[in-house]
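In this text, all values refer to a predicted model and were calculated from it rather than measured experimentally. Reckoned from all heavy atoms, side chains included, excluding hydrogens, waters and symmetry mates. Convention: sequence-line order gives letters A, B, ...; per-chain numbering from 1.
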Amino acid sequence: MSGELTGGTSGGTSGELSGGTSGGATGALSGGVRASWPLYEVFVRGKRGLNHVHVGSLRAPDDETALRHARDLYTRRNEGVSIWVTRSDHITASSPDEKDPFFAPSGDKVYRHPTFYEIPDDVPHM
Amino acid sequence: MSHDNPYEALGGDGDARWAFGTGFTDPLAGVDTTAPAGVDGGDLAAYCLMLGDDALVMSHRLQEWCTRAPELEEEVALANIALDLLGQARLLLARAGQADGGGRSEDDLAFLRDAPDFRNVRLVEAANGDFARSMARLLVFAVWRLALLDRLAGSRDPVLAAVAAKGVKEVAYHRDYAAGWVVRLGDGTAYSRERMKEGLAAVWPLVAELFVPHEVELRLARAGVAVDPSQLRAEFDAVLDQVLDAARLTRPDAARPGEADAAQEGPADAAPAGAGGRDGRHGTELDEVLSVMQSVARALPGATW
Amino acid sequence: MSAADETSRLEEHFDRTIAREQRIEPRDWMPDGYRRTLVRQISQHAHSEIIGMQPEGEWITRAPSLRRKAILLAKVQDEAGHGLYLYSAAETLGADRDELTAMLIDGRQKYSSIFNYPTLSFADVGVIGWLVDGAAICNQVPLCRSSYGPYARAMIRICKEESFHQRQGYELLMTMMRGTPEQRAMVQDAVDRWWWPSLMMFGPPDHDSPNTARSMAWKVKRHTNDELRQRFVDMTVPQAEALGVRLPDPDLRWNAERGHYDFGEVDWAEFRRVIGGDGPCNARRIAVRRAAHDDGAWVREAAAAHAARQADRAGRGAAA
């Protein structure tokens, strides 16, 4: 379903990234109220004995709602797991290739996601 | 799993963490369904219909939000609540069908009864209105139902007790969800505050009926099976005031001292006995709900789904 | 070292990472074209999930049994969840969900054309599960190995849930085929209407798909449109036979030499028409999404205003 619309969709992609990172994650009220909610990262402990693992992100107006949305979205009605949420802009991340000679400043744009993704044990072939 | 083979992706791995919502089996499997001694089957069935219809119609109104919610995260949350209530409705309707000995299934009861045979309170059949009004209604409903289920968990009827025990956890979540929105909208922008006030005012006339006991409820309450709803008002008021306080709002009746007390004492003014949804007296809004909900089932009599 | 040298060395490193079947992660250097292709692909996929809630969502309140109602509600809820996983992946590339939504509702970005067809009976719910979700699985399972990490991980989760969707659809159809003659006719009618649009879901034929080669080189895409379409047909024909429905293609027959089913030519003019905005439901689908977004604006604003006020109060409390 995804990239299969190539026929009719060329164009319209420029500008997608322009300023895409500018302040969208803040939700701050500068002058007027910004309707968009800040981005949160979600970490789930799938079961006891495992680390919390990053599972994705979501948008919420505040911490408490973020936790609630995380439960709805990433664990649906499954009880007994532990969830952490944190504002994406509160995460400080290293660059994945920081010791790599090929790493360059141009690769260091702070995009919205942390880089320490882990793959849960039950995901094969990753 | 080889990701190149679509068949394997279809394989039945039983990992319930992924395949949400697959547990749709006989709702009453494994529960002792014998009616408690000395309890009239007709009364028990009528009571199950009351609580079941409340959940069914409330779920329907929440389903109407689907694809229309103010944000995608709310789509997921509202669907969760609708699913919980639908689950409660199925258990209660199945119990009703069994208790009166008529052998009607949950689907017979949901799809083949006419409006006058529905026993839900009018609060749940009212149209959604905007998001503020929907949240006001959900808050009122959940605060009331939570107080009710909390007591019903001690019922002498094992099925009602089991349904209530499960429902308490669910409805506590619904209450917190609605409370969160009432606070955010009440204490949000000037516009949202206005919407929230209007939403509360629109819902408020339907509140008194929630606490008017039906004779079936009174009989079963005396038998230790049901809950007398008139006993729930104090808890309801206390919880609601707490939420409204955080939202910097007041109960619509608070400006007129004495009225809340009157409602607490009985059915004298707003909803006289015999005139409420528990007796099958409904507004045209329930007709609208049923004309949609029952349309496919009734168009194809004898079909299997 | 000149900037050009630097870029070419970064590109070399990127190419080697891909060649080693390693994943590209959000803050890695990547060619602009790779980023643009992914943002387009992932956001169109996300839009498709969200718009895809509508054709089936219309039947939730009308579902003819409470069990079917619960299953359908859970399914449509999953689709909202899939959309969110995918927007989340797109945001790792620097895209903003608000902007993507704006591009969807003002027509600058597309979604899968399949959702521009109407759902005319409850049998459509089953056929969408069987054919549309089946086609989606064929398309999406290979994407679990996409070179872009967040997309691949989102797809793993989505594919698991899609398999539940396909099973429930097929099971509904089996039940209906065991029901009344009227129900069987409903199923056949729905299959007749959805078969060809389902084949269109794999996109234009390879000779007419200019971006395929590059997407495959980047391992954003793993198989060509025609390969996936063939795989879907091969998988579906025996399922149709087991169900007892006829697929509406007189040219459909087993080709022992190829080891595949031959099938007729898709109406590509119709495909282009629907993609171009002239399908039966394009306007309605966008109108519903736009209305939800616009009508919800004051709610989202209120929540943001409340959160800001709370933060303000907390700040003052801490300062005091």
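- For the pair A:Asp62/B:Arg184, a side-chain contact is recorded, criterion being any heavy-atom separation below 4.5 Å from C-beta on.
- Between B:Glu71 atom CD and A:Leu58 atom CG the span is 10.5 Å, to the nearest 0.5 Å.
- A:Asp72 has its side chain within reach of B:Tyr173: a pair of non-hydrogen atoms, C-beta onward, lies under 4.5 Å apart.
- Within the 4.5 Å cutoff, no side-chain heavy atoms of B:Glu73 are placed close to those of A:Arg68.
- Every residue two or more places apart in sequence or in another chain that forms a ring pair (Phe, Tyr, Trp, His ring centres under 6.0 Å) with B:Phe131 is listed here: B:Trp65, B:Trp181.
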